[in-house]
Amino acid sequence: MDKAFDPTQVEPRWRARWEELGVGHADASSDRPAFAIALPPPNVTAELHLGHAASFGVQDTLARWHRMLGDEVEWCPGTDHAAIATQNVIERQLAGEGVTKEEIGRAAFDARVVEWYASTGNRIYDQMKALGFTCDWARSRFTLDEPYVRAIRVVFKRLYDDGLIYRGPRIVNWCPRNLSAVSDEEVTWEEHEDTLVELRYPVEGGGSITVATVRPETMLGDTAVAVAPGDPRHRDLVGRTVILPLTGRRVPIIEDEAVEPEFGTGALKVTPGHDATDYEIGARHGLPVLTVISPEGRMDVPELPAFHGLDVVNARTAVTAALREAGVVMGERPYTHEVGHCDRCGEVLEPLVSAQWWVRMAELAAPALAAVEQGRIRFHPERYTASYVSWMRRIRDWCISRQLWLGHAIPVSTCANGHRFAWVDEPMSCPECGDASLTHDPDVLDTWFSSALWPFAIFGWPQDTADLRRFYPTRVLGTGRDIIFLWVARMIMMGLRFTGDIPFSDVLINSTIQAADGSRMSKSKGNGVDPLDMIASYGADAVRAWTAAVGTAGQDMRFDEKRIAAYRTFANKLWNVTRLLLVRLGSADASVIPAPPDVAPADLRVEDRWFLSKLAETVEGVGSAMEQFRFHDAIERLYHAVWDVYCDWYVELVKPRLGSDPTAAWTAVTGLDVLLRLLHPIMPFVTEECAAHLPAAAATLQRRDWPRPPGWWSAPDDAVDAVDELIALAGALRARRQEARVPPREVIEVTLGAGARLLPAADVVRLLEATPMLWARVVDTAPEQATPLRVVAAGAEATLHVATAASASDRAQLEAQRDRVAGRIEQVRGKLRTPGFTEKAPEHVVAGARAELAELEDQLASVERILGEEAA
RNA sequence: GGGCGGAUAGCUCAGACGGUCAGAGCGCCUCGCUUACACCGAGGAGGUCGCAGGUUCGAUCCCUGCUCCGCCCACCA
C-alpha cells in the first residue's frame, strides 16, 4: 500500500465497479421511495467546464446520499441537440473548408451534424464518468431521439389545437447571420457608442420638426413622427404632415404616450418595420409598416439605388451623408446605448417584421406562477424566487419558430385548399378535405421548446409509463441562474400543463465560477478550466469536494485552484489514517482489518465516548446540512471531524492501546467506518477504497446505510465534556513548551495543580502522556532543580518542570495571561453592568455571561495565586 | 431608469434565529524527517467584519444613506 493516495490508480477501478453493480440504474418496480433528478442536458456542442462540474457534482452527491437513505434513485442524464448553437459550429467548420451549407446540401449537412453529435456527446459523458457520476446511463436521452420528438409534437399539437400556438407577422429579434428569429430571452444587450443624429423634417405647409435617432438609415422606412401627448412645443404640428427627406414620402405627425418629452427634441421618428417600440406605436395608430432592411441585414430600397444593397453600417454612413447634404442634419453627438446581440453568434440583431410561430403565455404562466408563490417549488437561494415571479408576471408571448436547417420541424402542414393543421404523425393528406398536396412548415422549433418538456419527456410521456408514474415529479433541479427564464420557468409551465404536476420541487442555483481575476470563464478567452485537468492533478474526489464547498452558494466565486488542492491532501489524510488502522489492527498480510468484537458501552474509556459523542454530532450536522442543500457546511464539518477530531486527537490519544484494547479498536474502526459513509456522497472514490479495508466492507458504500448512531453515543456526560477541557490543557502545555524552547523529545515532567473539573487522575495522566508532541510524564511531586512553568487553562492548572527552559519567560507569561484574563473580566463585567442588560437580555445570555465571568475569575485567581507563590 | 447580489485576515471564501462568530483553507513565521500521512505534525503572527449615521441593553449580522464591484430587468429614439 502506497503512502500517498493515488487517485489515478483507484478511480478507474471504482468506476468500473459501480458500472458492474449497476449502482446508477434505477428499478422502477421497487417499492422504495423514489428520488429523481433530471440532469440538465448539456448542450452537445459544449464540453463540460467547472461550472457544470459544480452543479452536477452536488447532484451526484444528492443521488448517492439518497441511495444510502434507502431511496430508489433515478438520476436521468441526457444531452440537448442545441439547434442554433450546433448549426453555428457546423457552419463555421464548413466555412473553414471554404464551402457553405447550401453548397453541400441538406443531406451532407445532416451527416456532419450526426458526426459532430457523436463525438462531442461522448466527450461529455466521459467527463461526467471521470467525476464518478452515477447517472442512469441506460435511460439517457437525447432530444432528437424518436420518442422525444414524438413528445414534442404531441405538446405542439395540443397547444395548437387549444389555440395557444399561433402564427403571425410581428416584429421579432432577427439574426442576420443565422437568418432566423430568436426569442426575447436570447438577446444579449451590450453597450454601444453611437452617434445620435438630429434630423429636421420639413412640415407640409411650413415649419419643421426635429427628431433624434441613432439609426438614420431607418428613416427610409419612417411612417410617422410622434410626439408626447399634449407637448406644448409640438401641439400645433400634431395632425399635420411631414415630408420626409430623401424619399419624399408624406407621413403624419401623431401623439403617442411612448414618446419621452424630455429626450432629445421630444419628437420621435416612427419606423414600425425596424424598431420594436415603433412597431407598437404603429399598431396603435394603424400606421403602415415599411420594410427597408432585408433579412440579410442589407438595405432593401430598390427605388433608392444609392442605398439599395448596402449593409446597415454603411447605409448609416451613406444616409447620414445624404441627409447632411440635404441640410437636415441639425446635430450629431456621441451617444451610449444598449444594442441587442444574438446570444449565440454575437451578431447585432435586426428588429424586423416577420411571420413567426408564437406561444400565448398568459394561460400557461398563471399556474406556474402560483406554484412558486405557494411554495410548491422553492428556489435555493430563495432570492431567485423574486426574479422568477417578476418575470412571470409580465411575461410576453414566446417566439418559438426558427429559420434553421437543424432542429425539430414545426409539425404543421397546409393543404392546397388552405387548411392548416398540426400533426403528430406525418400526414399524407389533409384531414379536413383529403387533399394530398401538403406543404410542410419550413421552420424548426426553438431549442428551449423541446427542453421545456425534459422532466417528463425523458420518462416516456405521453405514454403512461412505469418510469413516469414512478419518477415524475422529480425532486431537485440543479442549474445556473442564467437559464431560469429560458428553461426553468418553461419547464414549470409545460410540466403543469401536460402532467398536471410540478416538474420538481427544489431548484438549486449553482454558483457562477469565474476566472481567478474575476472575469467570466469562457472558451474564447481561453481561461476556461477543464474538469479533466483538475482531476488529473488532484483526483476526482478533490474536485467533487470543491464543488460541494463552492457549488450551491448561488454566488459568484473566483476560481482558486488551491482550494481543490486542499481536498487532495484531505483524501490523502483519509487514506493514511486507514493505513494506520490496517498496520496496527490488520494481520501481517491481510488487506482487511478483522472485525473487532462488539463492545458494551460501559467498557469504553472516556476518550472513546468523547469521540463517539463528537461523531454523533457530526452525523446530525452533516445530515441536516445535506437536507438543506448546504453542501459546503457538510464538507466543512466532515473535514473537521476527520482531520482534527479523529486523526489529530482521537487516533493519537488511542494509539497506545489500539493494538491491545479491543474497545479502542472497535471505536476507531467504527468511527472511521461512519466517517467514510458520511463522506461517501461527496468523495466516493477514496471512501470506497478506504472502506474496502474495513471489516464492514460491502461491494460498494452505495449499498450501505446512512449512519444512524445509537442514542448512547450522544448521551450527556460530564466526563466526556471534561475531555474537551483536557485537550485545551494539553494544547496550552504544548504552547508553553514551545514558548520556552524546550527541545523536541526532551521529556518534561508535569505536576497537576488544582483541577477540580477534570477527569480522574488516572485518565488525565494517561491522556496527557498520550498527547503527541507534548512528551510529558505526569509525576506527583515536583522534581528538584527544574524550572517550573505554570499553565492555567480550561479550569485546570499544571506545571511543566523543565531542565533546559528559557525559564525567565515564565513570570512574564503568567503576567500576560493575568492581564488578558483581567481585561476580559472587565469586558464581561461591563456588559453585565450595562443598563438594561440583565433585564432585557434573554436569561440564557445573562446566565452565560455570569458563568463566563465566574470561570474567568477562577482562572484569574489561579494565576494570581501562582504569581504570589513565586514571589514568596 | 428599476431590481438583486457582493464588499470579513496577504489570497479564495464560511459565518442558520442580532449576545463564546471574529472562523477555515492556502500563504507567512518558529520548531520538528516522531515507523499512518512532509499531500505531515506542533506552536504562532495576522482582521476597528467597505464608509457614515440609526435602531437596540447589545450589531459583522437589522434600518437609512454613500462609495466601489458584479449581475438581471426595462420600448428614452
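Proteins come first, then strands; the chains are lettered A, B, ... in the order of their sequence lines, and each starts at number 1.
- In this structure, A:R734 reaches the B:rG43 phosphate: one of its side-chain N or O atoms is under 4.0 Å from OP1 or OP2.
- Residue contacts shown for A:T834 are limited to sugar-phosphate atoms, with no base heavy atom under 4.0 Å away.
- We find the CD-CD distance between A:E191 and A:E338 to be 5.5 Å, quoted to the nearest 0.5 Å.
- Pairs passing the side-chain hydrogen bond (donor to acceptor under 3.5 Å, both in side chains) check and including a residue from residues 637-649 of chain A, sequence neighbours excluded, read A:D633-A:R637, A:H640-A:D644.
- For B:rG43 and B:rC49, the C1' atoms lie 27 Å apart once the distance is rounded to whole Å.
- A gap of 15 Å separates the P atoms of B:rC11 and B:rC28, to the nearest Å.
- The C1' atoms of B:rC40 and B:rU34 are separated by 11 Å, rounded to the nearest whole Å.
- For B:rC71, neither phosphate oxygen OP1 nor OP2 lies less than 4.0 angstrom from any side-chain nitrogen or oxygen of A:T512.
- Between A:Y567 and B:rG25 there is no side-chain polar atom (N or O) within less than 4.0 angstrom of OP1 or OP2.
- Classified by its glycosidic torsion, B:rC17 falls in the syn category, the angle being within 90° of 0.
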Throw together a table of side-chain donor-acceptor distances under 3.5 angstrom for residues 264-271 of chain A, partners on residues two or more places apart or in other chains.
from, atom 1, to, atom 2, distance (Å)
A:T265, OG1, A:T210, O, 2.3
A:T265, OG1, A:A267, N, 3.4
A:K269, NZ, A:T218, OG1, 2.6
A:K269, NZ, A:D222, OD1, 3.0
A:K269, NZ, A:T271, OG1, 2.9
A:T271, OG1, A:D222, OD1, 2.7

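- In this structure, a donor-acceptor pair under 3.5 Å is absent between the side chains of A:E280 and A:T277.
- When the side-chain nitrogen and oxygen atoms of A:R396 are compared with OP1 and OP2 of B:rC75, one or more of them lie within a distance under 4.0 Å.
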Which nucleotides of nucleotides 29-38 of chain B have their base under 4.0 Å from a protein heavy atom (B), which only their sugar-phosphate (S), and which neither (-), written as one string 5' to 3'? -SSS-B-BB-

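- Ring orientation note: the planes of A:W546 and A:F559 are nearly perpendicular, at an angle over 60° on the 30°/60° scale.
- Nucleic acid contact for A:Y639: sugar-phosphate only, since backbone atoms but no base atoms lie under 4.0 Å from a heavy atom of the residue.
- Taking side-chain N and O atoms only, A:R383 has no distance below 4.0 Å to OP1 or OP2 of B:rC4.
- Listed nucleotides: B:rC57, B:rC26, B:rA14. Nearest to the side chain of A:K562: B:rC26.
- With both ends at atom C1', the span from B:rG19 to B:rG58 equals 6 Å, rounded to whole Å.
- With B:rA14, B:rG19, B:rU12 as the choices, the nucleotide that has an atom nearest any side-chain atom of A:V845 turns out to be B:rG19.
- Within a 6.0 Å radius of CZ in A:R200, other residues, nucleotides and ligands contribute 12 heavy atoms or fewer.
- The minimum heavy-atom distance between A:G282 and A:P272, with the atom names listed, is CA-CG, 4.3 Å.
- Nucleotide B:rA74 carries an anti base; the chi torsion (O4'-C1'-N9-C4 or O4'-C1'-N1-C2) is more than 90° from 0.
- A gap of 28 Å separates the P atoms of B:rU64 and B:rC76, to the nearest Å.
- Atom CG in A:D560 sits about 13 Å away from atom C1' in B:rG10, given to the nearest Å.
- For B:rA24, neither phosphate oxygen OP1 nor OP2 lies less than 4.0 angstrom from any side-chain nitrogen or oxygen of A:H632.
- A:F570 comes within contact range of no nucleotide atom at all, as no heavy-atom separation falls under 4.0 Å.
- Looking at A:D194 and A:R333, no side-chain N of the basic residue comes within less than 4.0 Å of a carboxylate O on the acidic one, giving no salt bridge.
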